[in-house]
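Quick note: numbers below take in every heavy atom, side chains included, and nothing from hydrogens, waters or symmetry partners.
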Amino acid sequence: MRGLFLALGLFFVALGFVGAFLPVLPTTPFLILAAACFAKSSRRLELWLLDHPRFGPTLREWRVRRAIPRKAKFMSLAGSSLGFLLFWLGSNPGPLLMVAVASLMLVGVAYVFSRPS
């Protein structure tokens, strides 16, 4: 199981890295998952993430208080809005699919904004 958690942690770090450059792919949720996987597989990689100068404070706040910084909340809203706009303009979805995607995105944004800052 340790190897599986290590592989998953590395996979989530890779997704988080890609998300740092693509506005529609979130970074922090993938790094939270990576830290959880590393907690079960590699203490060294877990500490590397938790001590990272850019992502470490956010990851530690999530662990302690399940908190999301205000800036991250608004980045989530902006990324979801941009993602929906690109989806709408790029795929010409039918009304049912558009409502389904908008609903899923709204649930995600509502969850993010329901967490303490």
Side-chain angles (χ1 to χ4, degrees):
M1 286 305 288
R2 186 171 179 237
L4 176 63
F5 280 115
L6 180 62
L8 283 171
L10 293 171
F11 175 71
F12 289 134
V13 166
L15 285 177
F17 179 76
V18 171
F21 298 100
L22 296 177
V24 296
L25 188 66
T27 299
T28 305
F30 290 123
L31 295 182
I32 289 170
L33 289 170
C37 289
F38 290 151
K40 296 180 182 275
S41 63
S42 172
R43 181 75 176 145
R44 183 177 61 83
L45 289 174
E46 178 190 23
L47 289 175
W48 170 73
L49 273 180
L50 295 176
D51 292 337
H52 190 276
R54 179 177 176 110
F55 302 111
T58 301
L59 295 172
R60 288 190 304 273
E61 274 298 302
W62 176 258
R63 277 206 173 160
V64 173
R65 298 181 33 230
R66 297 290 193 244
I68 298 173
R70 188 170 307 218
K71 181 180 176 185
K73 290 179 179 184
F74 286 104
M75 294 285 287
S76 168
L77 177 62
S80 293
S81 299
L82 177 62
F84 183 77
L85 182 65
L86 292 173
F87 162 73
W88 181 49
L89 294 174
S91 66
N92 194 18
L96 184 61
L97 183 58
M98 194 160 64
V99 167
V101 169
S103 297
L104 285 172
M105 287 183 160
L106 285 173
V107 166
V109 168
Y111 176 77
V112 166
F113 275 86
S114 73
R115 304 289 85 207
S117 294

Of all heavy-atom pairs linking E46 and A39, the shortest is OE2-CB, 3.4 Å
So does M1 get a backbone contact from the side chain of K40, meaning a donor-acceptor N/O pair under 3.5 Å? no
Check M105 against S80 and note the closest heavy-atom contact, atom names and distance. SD-O, 3.6 Å
Can you see which heavy atom on V13 is nearest to which on A34, and at what distance? CG2-CB, 3.6 Å
Can any side-chain N or O of S103 pair as donor or acceptor with the backbone N or O of V99 at less than 3.5 Å? yes
Are L4 and F11 connected in a single hydrophobic cluster, I mean Ile/Leu/Val/Met/Phe/Trp/Tyr linked by side-chain heavy atoms less than 4.5 Å apart? yes
Residues P93 and M98: closest non-hydrogen pair is CG-CB, 4.2 Å
Give me the atom names and distance for the closest heavy-atom approach of R63 to A35. NH2-O, 3.2 Å
Any side-chain heavy-atom pair of L33 and L8 under 4.5 Å: no
Value rounded to 0.5 Å, distance of CG in L31 from CG in L50: 10.5 Å
Is it true that L15 and F5 fall in one hydrophobic cluster, defined by side-chain heavy atoms closer than 4.5 Å? yes
Would the distance check show the side chain of R65 and the main-chain N or O of S117 forming a donor-acceptor pair, the cut-off being under 3.5 Å? yes
Looking at CG of L97 and CH2 of W88, how far apart are the two atoms once the value is rounded to the nearest 0.5 Å? 14.0 Å
Please round to the nearest 0.5 Å and tell me the distance separating atom CZ of R66 and atom CD1 of I32. 8.0 Å
May I ask you to test the V101-F84 pair for a side-chain heavy-atom distance under 4.5 Å? yes
Considering all heavy atoms of both residues, which atom of F30 and which atom of F12 are nearest to each other, and what is their separation? O-CB, 3.3 Å
So which of I68, T28, L77 actually passes side-chain contact (heavy atoms from CB on, under 4.5 Å) with V112? I68
Evaluate whether atom CG of L89 has more than 12 neighbouring non-hydrogen atoms of other residues, nucleotides or ligands under 6.0 angstrom away. yes
Return yes when atom CZ of F113 has more than 12 non-hydrogen atoms of other residues, nucleotides or ligands closer than 6.0 Å, and no otherwise. yes
Is it the case that the side chain of T27 and the backbone of A20 share a donor-acceptor pair, with hydrogens and angles ignored and the cut-off at 3.5 Å? yes
If hydrophobic clusters are built by linking Ile, Leu, Val, Met, Phe, Trp and Tyr wherever their side-chain heavy atoms come under 4.5 Å apart, do L47 and L10 end up in the same one? no
Nearest 0.5 angstrom please: S91 OG to L86 CG, how far? 10.0 Å
Rounded to the nearest 0.5 Å, the OG atom of S42 sits from the CH2 atom of W48 at a distance of 10.5 Å
